[in-house]
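The structure appears right after this line, and notes come after that.
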Amino acid sequence: MLSKEHKAVIFYAKFFVASICVLLVILGVRNSWQVRENQLAEAESTVSNLSRGLAQHATDTFKEADTALIGITERLEHDGRSPAALIRLERFLVRQVSELSQLSGLFAIDKDGHWIVNSDGMTGDHLSSLDREYFLYHRAHPGNLPHIDRPIKSRTTGDWIITISRRINAPDGSFDGLVMAAIKLDYFSYFYDSFDIGDAGILLLALDDGTMLVRQPLRKDSIGKSLVDTSIYRDYASKTSNGVARIRSSQDGVVRINSYRHLSRYPIFIVAALSEDEVLSRWKSETLLHLFGLLTLISIIVFFGNRLVVQIKLRVAAEQEANESRAYVEHLNLVLQALAMRDSLTGLANRRCFDDAISRELQRAARNKNSLALLMIDVDYFKKYNDTYGHPAGDACLKQIANAIRVAEKRSVDLVARYGGEEIIVMLPDCDAQGAVQIAENILSEVRALAIPHSGNPRGIVTVSAGVAVLNPIENNDIPETIIGMADKALYQAKSNGRDQVRLYIEDAAQVCQSREQSPVRQSES
Ligand SMILES: Nc1nc2c(ncn2[C@@H]2O[C@H](COP(=O)(O)OP(=O)(O)OP(=O)(O)O)[C@@H](O)[C@H]2O)c(=O)[nH]1
């Protein structure tokens with residue numbers, strides 16, 4: 001089980017790794033998105049420039065044709081329509097057409113629709129434009145502005161052309177015919193073809209009323225088709241003079257960045273469009289590459305982060321194991337210490353334990369001027385017991401006696417210890433002579449009460465003798481041997497006087513022992 005501190009360390013390690021990964025993802029996404037926006041902005045700028053360039057080109061193309069028309073009108077007005085004048089005019093038309101590559105032909109048409117003169121040198125009454133829209137328009141509109149009409153097929157070449165025409169007025173202002181320049185649609189197509197607009201890009205030239213003139217790439221049905229239902233016309237080109245719009249095509253579903261621009265001099269507008277997918281194709285492949293790099297980096301970070309967490313866990317586990325081992329060793333030490341202080345047979349404190357305890361107790365009692373009592377207890381005729389009942393029985397007997405003597409260990413400061421062989425010693429701090437003798441008497445009674453049969457003892461049961469010594473108060477120079485020697489002497493007296501009795505060691509000339517069974521108080525020799 002991990003501690004709170006270790007859990008926190010692991011949590012922070014995981015949090016650190018996760019934060020770096022999230023940060024990398026956020027930075028990667030943000031950077032990628034920024035690149036995408038930049039590329040779109042760049043594409044908008046590109047289509048915008050493209051539409052401006054195409055608008056300028058269209059303006060120049062129509063302006064050159066229109067200038068030629070103005071020149072023809074002036075010549076007709078100035079030179080008249082005599083055969084000689086018309087021959088000169090025809091030469092002029094041929095020269096103009098050869099100089100202006102966008103022109104398919106130049107025409108002068110009278111008020112009845114007949115061709116007066118044309119750049120192709122064609123003659124005959126059958127050559128008429130009576131049915132053409134530009135003729136009908138000029139006949140109906142007195143203005144002298146140039147008119148650009150829907151694309152038509154040329155009657156001379158059969159090619160698709162766009163016409164730009166101007167009305168000729170008679171001196172009284174009535175309709176007196178028109179001049180017309182036919183501009184090849186191919187001229188625009190070839191020009192538009194020179195631009196790299198990708199596979200899904202579009203370039204458009206259309207009349208302001210939405211009639212498509214040129215579309216690149218070319219489509220069979222595109223010439224003359226109406227754009228009024230398309231979003232680029234309906235929502236944008238029909239409303240403002242120029243702008244940029246991102247639109248999904250209703251026809252092919254492609255999203256395009258469109259730039260539209262109306263010509264200021266002619267009723268025409270241009271549309272340049274690039275496919276968003278194609279614009280972003282490089283961004284997409286780069287993003288994929290970056291994504292792969294990012295994922296690889298994140299995988300490496302996660303891998304090493306995981307290794308870090310595993311290392312932390314291993315270290316924590318090792319630390320815990322070491323702590324547990326240390327605790328176990330400390331516990332073992334305590335157990336060993338306790339065992340080292342215990343007698344294995346009786347379970348009592350052993351001699352070493354007693355030696356330590358009495359040294360400590362003497363010092364303490366000397367400091368506090370307290371008393372200390374010691375009972376030295378010895379089993380009577382124990383050799384005979386062993387001889388009679390055997391050594392194992394002797395061991396069992398010693399255990400029982402030890403348990404009986406343990407009753408003396410009433411306070412935590414009291415200590416019962418096996419002093420050696422069949423001798424047991426009892427240390428009673430802060431105990432006076434009377435109390436110590438009483439305790440010794442109690443011990444003797446307890447042992448007798450065990451009633452362990454002993455044929456070698458005149459009393460028929462196992463008995464013990466006790467020598468009691470008391471130092472009251474303890475002096476600084478008292479050493480353990482002093483009181484032990486006193487207790488031993490008192491014990492010797494108890495043995496000498498017939499055993500199964502208590503003797504109290506008295507200082508000076510005589511020592512007195514007390515025994516209830518025998519005389520109340522007897523003295524032992526010093
Ligand atoms: N079974 C057993 N006997 C022990 C142990 N320790 C000491 N003894 C025996 O205790 C006996 C002590 O004998 P002695 O010192 O002659 O004294 P005693 O026979 O008890 O006679 P008194 O003390 O004079 O009554 C010896 O025979 C020791 O072998 C022990 O741990 N187990």
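Note that ligands are numbered from 1 as they come in the structure, with each ligand's atoms numbered from 1 the same way.
Among Lys383, Arg418, Lys384, the residue whose heavy atom lies nearest to atom 5 (C) of ligand 1 is Arg418.
When non-hydrogen atoms are compared, ligand 1 lies under 4.0 Å from the backbone of Val379 (N, CA, C, O) but not from its side chain.
Looking only at heavy atoms of the protein, atom 29 (O) of ligand 1 is closest to Asn386 ND2, 4.0 Å. Of the protein's non-hydrogen atoms, the one nearest atom 20 (O) of ligand 1 is Phe382 N, 2.7 Å. The protein heavy atom nearest to atom 24 (O) of ligand 1 is Arg499 NH2, 2.9 Å. Closest to atom 22 (P) of ligand 1, if we only count protein heavy atoms, is Lys495 NZ, 3.6 Å. Looking from atom 7 (C) of ligand 1 to the surrounding protein, the closest heavy atom is Gly421 CA, 3.5 Å. Annotation: atom 32 (N) of ligand 1 to nearest protein heavy atom, Asp395 OD1, 2.8 Å. In this structure, the protein non-hydrogen atom closest to atom 12 (C) of ligand 1 is Glu422 OE2, 3.3 Å.
In summary, the atoms of ligand 1 found under 4.0 Å from a heavy atom of Asp378, numbered by their order in the structure, are 23 (O). For ligand 1, the atoms closer than 4.0 angstrom to any heavy atom of Asp380 are 25 (O). Counting atoms of ligand 1 from 1 in the listed order, those under 4.0 Å from a heavy atom of Gly394 are 1 (N).
The side-chain tip of Arg30 does not point at the ring of Trp33 from less than 6.0 angstrom away and within 45° of straight on. Annotation: cation-pi pair Arg499/Tyr381 present, NZ/CZ under 6.0 Å from the ring centroid and within 45° of its normal.
Although no hydrogens or angles enter the test, the distance criterion places no donor-acceptor pair under 3.5 Å between the side chain of Thr287 and the main chain of Ser32. Formation of a donor-acceptor pair under 3.5 Å by the Asp186 side chain with backbone atoms of Ser189 is not found in this model. Side chain of Arg234 to backbone of Asp229: a donor-acceptor contact under 3.5 angstrom is found. Of the possible polar contacts, one joining the Arg411 side chain to the Pro429 backbone as a donor-acceptor pair under 3.5 Å is found. Not one N or O on the side chain of Asp500 forms a donor-acceptor pair closer than 3.5 Å with the backbone of Gly498.
You'll find the ring centres of His454 and Phe382 outside the 6.0 Å limit. For His391 and Tyr385, the ring centers are positioned 6.0 Å apart or more.
The closest approach between Lys399 and ligand 1 stays at or above 4.0 Å for every heavy atom of the residue.
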